[in-house]
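So the structure is just underneath, and the comments pick up after that.
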Amino acid sequence: MSSSSENPTVTERGGGGGGKDRREDDGEKKEGGGGFIEKVKDFIHDIGEKIEEAVGFGKPTADVSGIHIPHISLHRADLVVDVLIKNPNPVPIPLVDIDYLIESDGRKLVSGLIPDAGTIHAHGEETVKIPISLIYDDIKSTYNDIKPGSIIPYLVRVILLIDVPIIGRIKLPLEKSGEIPIPYKPDVDVEKIKFHRFSFEETTATLHLKLENKNDFDLGLNMLEYEMWLGDDSVASAELTESATIEKQGITTMQVPFSFRPKDFGSAVWDMIRGRVTGYTIKGKIDVDTPFGNMKLPISKEGGTTRIKKDDDDDDED
C-alpha cells in the first residue's frame with residue numbers, strides 16, 4: 001500500500017488511464033527512437049570529423065593566377081585562363097568538371113564545360129589551363145553595339161567541381177575581370193610615289209605609304225610586308241623591318257624605297273611616268289605589338305589612284 005500511495009497516478013488510473021499511459025509510453029519510445037537516430041548521426045559525424053582531423057583531409061583552394069592571350073587576329077582571340085589549385089590532402093583528388101563563362105557587361109560571350117579535367121597530386125598544387133576562344137563574328141552578330149576597333153570589358157567565371165574523400169564533391173567558384181580588343185584592320189593608302197632616278201633599265205623611287213589606325217589602342221609596328229600593282233603590273237614588293245608607333249585613331253606615313261624596270265611593264269606604268277594619274281592596288285600585312293599581345297593584321301587597298309613626283313617637285317604639292 002505504501003508503494004501505491006507513493007505512486008497514486010498508477011493506482012487511481014488503473015483502467016482507461018492505463019491505456020493512456022501506454023500511449024504516452026509509446027510516444028516516449030518514439031521520441032526516444034528519434035533521439036537515438038540523431039545520436040547515431042551525430043556519432044557518425046563526430047567520427048568523420050575525427051578521421052578527417054587524424055588523416056588530415058581538408059578542402060582544396062583555387063585562384064585564377066592569370067589570363068593570357070597567346071593568339072589574337074581579326075577573326076578570333078584565344079585566351080588561356082590559369083587556375084592554381086592547392087590540394088592539402090594526403091591523397092590525389094580528381095577534378096571532375098570545369099564550368100566556364102565569359103561575359104561582358106552582363107552579356108554572355110562564350111561558355112563551356114570541360115569534363116574529367118585531371119587530378120591534383122597529394123599535398124601538392126597544380127596550374128590547370130583552361131583554353132577559351134572568342135569568335136569575333138559571333139560576338140558582333142549577337143551584339144550590334146560592339147564595334148570593330150573597340151575595347152570591351154570581360155568577366156571570366158569558373159566553377160571547379162572537385163571530389164574530396166570524406167568531404168565529398170564540392171564546388172569552387174572563381175572569377176577574374178579584364179579587357180579585350182575587337183581589332184580592326186588599318187587603312188593603307190599610297191600618298192605619292194617620288195622618283196629619284198629614271199632609266200628604261202632601272203628606275204628608283206620612294207613609295208609614301210599612309211597607314212591609319214582605326215583601333216582604340218596603339219599599334220607598335222615591327223614589320224611591313226607588301227606588294228603593289230600599277231594597273232595589272234606588279235611593280236614593287238618587299239618585307240621591311242621598321243619600328244614605328246601608330247597611335248590609336250592616328251595616321252603615320254612610311255617611306256618605302258623600291259626600284260623597277262619600266263621596259264618590262266605595260267601602259268599603266270608609262271601613264272604614271274608621263275605624270276598621269278594611274279590606278280593602283282596594294283596588299284600585304286603588318287606585324288604589330290599591342291597592349292594585348294602581338295598581332296598580324298592584313299592591309300589592302302584596291303582601286304586607289306596616285307601620280308608620280310620628281311625629286312625637284314615641291315613636296316607640299318600632291
### Query
Do the side chain of Asp233 and the main chain of Val235 share a donor and acceptor less than 3.5 angstrom apart?
no
### Query
When you check the gap from the basic side-chain N to the acidic O, do Glu126 and Lys86 get nearer than 4.0 Å?
no
### Query
Atom CG of Asp163 and atom CZ of Arg169: how far apart are they, to the nearest 0.5 Å?
5.0 Å
### Message
Does Leu209 form a side-chain contact (heavy atoms from CB on, under 4.5 Å) with Thr253? I'd like the steps, not just the answer.
### Response
CA-CA 6 Å; Leu209 283 180; Thr253 301; over 6 Å; no
### Query
What pairs of residues pass the side chain to side chain donor-acceptor pair (under 3.5 Å) test when at least one of them lies in residues 63-74, not counting sequence neighbours?
His68-Asp82
### Message
Salt bridge or not between Lys214 and Asp187? Use side-chain N to carboxylate O under 4.0 Å.
### Response
yes
### Task
Indicate, with yes or no, if Phe217 and Ile152 share a hydrophobic cluster defined by side-chain heavy-atom contacts under 4.5 Å among Ile, Leu, Val, Met, Phe, Trp and Tyr.
yes
### Task
Please check if atom NZ in Lys140 has more than 12 non-hydrogen atoms from other residues, nucleotides or ligands closer than 6.0 Å.
yes
### Query
Can Asp218 and Lys248 be counted as an ion pair, charged N to O under 4.0 angstrom?
no
#### Entry: Within 6.0 Å of NZ in Lys285, more than 12 heavy atoms from elsewhere
no
### Query
Which value, rounded to the nearest 0.5 Å, describes the distance between Ile286 atom CD1 and Leu297 atom CG?
5.0 Å
### OH (Tyr136) with more than 12 external heavy atoms under 6.0 Å
yes
#### Entry: Verdict with supporting geometry, Met254 and Leu224, side-chain contact (heavy atoms from CB on, under 4.5 Å)
CA-CA 10 Å; Met254 299 180 61; Leu224 165 69; 3.8 Å; yes
#### Entry: Any donor-acceptor pair under 3.5 Å from His196 side chain to Thr204 backbone
no
### Message
Treating Asn87 as the side-chain partner and His121 as the backbone partner, does any N or O pair qualify as donor plus acceptor under 3.5 Å?
### Response
yes
### Task
Tell me yes or no: between the side chains of Asp216 and Tyr184, is some donor less than 3.5 Å from an acceptor?
no
Donor-acceptor pairs under 3.5 angstrom involving side-chain atoms of residues 102-109: please list them, not counting sequence neighbours.
{"residue": "Glu103", "atom": "OE2", "partner": "Arg157", "partner atom": "NH2", "Å": "3.4"}
{"residue": "Ser104", "atom": "OG", "partner": "Pro153", "partner atom": "O", "Å": "2.6"}
{"residue": "Arg107", "atom": "NH1", "partner": "Asp145", "partner atom": "OD1", "Å": "3.0"}
{"residue": "Arg107", "atom": "NH1", "partner": "Asp145", "partner atom": "OD2", "Å": "3.3"}
{"residue": "Arg107", "atom": "NH2", "partner": "Asp145", "partner atom": "OD2", "Å": "3.3"}

### Query
Does a donor on one side chain sit under 3.5 Å from an acceptor on the other, for Thr206 and Lys192?
no
### Message
For a quick test of reading the model, state the closest non-hydrogen atom pair linking Ala117 to Ile98 and the distance between them.
### Response
CB-CD1, 3.6 Å
